[in-house]
Amino acid sequence: MSHAEGGNSESHADLPVAARVRRLEERVVAAGLTTDADLDAYLTKFLERASPMNGARLVARAWTDPAFRERMLADGNSAAAELGVGSADPARQGFQLRVVENTATVHNVVVCTLCSCYPLALLGPSPSWYKSHAYRARVVREPRVVLAEFGLELPEELEIAVWDSNSEARYMVLPRRPDGTADLDDEALTRLVTREGLIGTALV
Amino acid sequence: MPDPRAALPQAQDQPSSAAFTLGDRVRVRAVDPEHHTRVPRYVRGQLGEIVHSHGAAPLPDDRARGIEPPRVETVHVVRFAARDLWGVGDHTVAVDLWESYLEPC
Amino acid sequence: MGGQLGFGPVPVVVGGEPAFHAAWEARVFALSSVLLRAGAYNVDEFRDAIERIPPETYLRTSYYERWLMAIEDLLEAKGLA
């Protein structure tokens, strides 16, 4: 368990990375741990299903249905299951979903400083900025400066709450419903919500 | 991080009864173990307040070392004031912490 | 690395970013997920393997390169492949 570079012919550390991955895949398949078909199927399913549209649908419903909003804030997994975008059982879902709500006085933003934990099923593949050293290191220390780098300048009086997601719970932000959207239905509201809004680096 | 579905706490996992409740002030143990742990360095030794509890989960320190069965503990969400962590700042930072990472204060 | 300064601005890309930046990244992602589900290792062992990468290597490698190193390391340590 050394991550030795050189001196270990099995690590193939000198090969170009794509070749190293192919070599690893061949070894894993040869050992009977998985098959190429399993890997292909897993990726296809992931890319089909994991999307920020799932999180956006939860948000739109919460904006239009106060009772749903209450249920979602109390138990995110059950709310996701109601809309068919997850399992009510955290063990089946893969995480316990915790939704944190933006208000007139508090703006929430999510990070995982230790790795890059993220609710993939609800937000889709994670953006590279979320996995960057700069975001992981700095948002817990100077969130106003970091949010400004996203073009989000928050008023001084708005409190910022940062959530460092380092257990098997996953956080999603419930943004505030924008003004002037009273006549939009759930589908139109869903289209307003961005992945960045669900992480907290955008207002919506 | 990857989808940890295969390695999740199961429904039958029960914590020993939680020692802390909502609103409690706690201190993060000032530890620096040689093995894997999920206590970010920037909160070690710091004072915070429990604002939520997620329920029980196996302790990563045990699972990373292959200790069977791993301890199962309540995971608390502890909120810290930026000023306490960094000396400056008006925001808060909340961190998920397994119960044995915490001590009363 | 929470709180560490000196990394510069966040590399913000909003919209239009592919899920993976190279085909091999997708394969590493799939390998790790499938191996986790197969019980080859658990998520805490995986995170531990990433964190044991020496800091200078950790900082100069990409996210999925670190995953690759962790998988190689775990499979070898466990004698699985």
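In what follows, chains carry the letters A, B, and so on, assigned in the order in which the sequence lines appear, proteins first and then strands, with residues in each chain numbered from 1.
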Roughly how far, to the nearest 0.5 Å, is the CZ atom of A:Arg27 from the CD atom of C:Glu72? 6.5 Å
Going from CG on A:Asp38 to CG on C:Leu35, what distance comes out if it is rounded to the nearest 0.5 angstrom? 10.5 Å
Answer with side chain, backbone, both or neither: which region of A:Ser128 has an atom nearer than 4.5 Å to a non-hydrogen atom of chain C? both
Tell me, with the steps shown, if C:Phe20 and A:Leu43 meet side chain to side chain contact (heavy atoms under 4.5 Å, CB included). CA-CA 11 Å; C:Phe20 299 101; A:Leu43 264 183; 4.1 Å; yes
Taking 4.0 angstrom as the limit, do C:Glu17 and A:Lys131 come out as a salt bridge? no
Does any backbone or side-chain atom of A:Glu149 lie under 4.5 Å from a heavy atom of chain C? Answer side chain, backbone, both or neither. both
What part of A:Val28 lies closer than 4.5 angstrom to a heavy atom of chain C: side chain, backbone, both or neither? both
What residue, out of A:Leu47, A:Thr34, A:Val17, has the most heavy-atom pairs lying under 4.5 Å from chain C? A:Val17
Pick from C:Ala40, C:Ala26, C:Ala22: which one has the most heavy-atom pairs with chain A under 4.5 Å? C:Ala26
Which bit of A:Arg22 comes within less than 4.5 Å of chain C, counting heavy atoms only: side chain, backbone, both or neither? neither
At a heavy-atom separation under 4.5 Å, does C:Val34 approach chain A through its side chain, its backbone, both, or neither? side chain
Looking at A:Glu187, I'd like to know if its CD atom is crowded, meaning that more than 12 non-hydrogen atoms belonging to other residues, nucleotides or ligands lie closer than 6.0 Å. no
Quick one: do C:Arg27 and A:Asp36 satisfy side chain to side chain contact (heavy atoms under 4.5 Å, CB included)? Show the steps, please. CA-CA 10 Å; C:Arg27 300 314 280 181; A:Asp36 286 321; 4.3 Å; yes
Closest approach of C:Ala81 to A:Ala31 (non-hydrogen atoms, all atoms of both residues): CB-CB, 3.9 Å
Select one option (side chain, backbone, both, neither) describing which atoms of C:Leu80 are under 4.5 Å from chain A's heavy atoms. both
Assert top hit (heavy-atom pairs under 4.5 Å, partner chain C, pool A:Arg141, A:Glu25, A:His133) equals A:His133
Please tell me if the side chains of A:Arg20 and C:Met69 come closer than 4.5 Å, counting only heavy atoms from C-beta onward. yes
Given C:Leu75, C:Val28, C:Leu5, C:Val13, the one with more heavy-atom pairs under 4.5 angstrom with chain A than any other is C:Leu5
When every non-hydrogen atom of A:Trp129 is compared with those of C:Pro11, the smallest separation belongs to CB-O, 3.3 Å
Output the option from A:Val146, A:Asp164, A:Asp40 having the highest count of non-hydrogen pairs under 4.5 Å with chain C. A:Asp40
Heavy-atom closest pair, residues C:Phe7 and A:Ala134: CB-CA, 3.6 Å
What heavy-atom pair brings C:Arg47 and A:Cys117 nearest, and what distance separates the two atoms? NH2-SG, 3.5 Å
Proximity breakdown for C:Glu51 and chain A, heavy-atom pairs closer than 4.5 Å: side chain
Is the gap between the ring centers of C:Phe29 and A:Phe46 under 6.0 Å? yes
Close side-chain approach of A:Cys115 to C:Ile50, heavy-atom, < 4.5 Å: no
For C:Gly15 and A:Arg195, work out which heavy atoms get closest and say how close. N-NH2, 4.3 Å
For A:Asn166, is it the side chain, the backbone, both, or neither that has a heavy atom closer than 4.5 Å to a heavy atom of chain C? neither
Taking every heavy atom of A:Tyr42 against every heavy atom of C:Ala30, the minimum-distance pair comes out as CD2-CA, 4.0 Å
Is there a side-chain contact between A:Leu114 and C:Met1 (heavy atoms, below 4.5 Å)? no
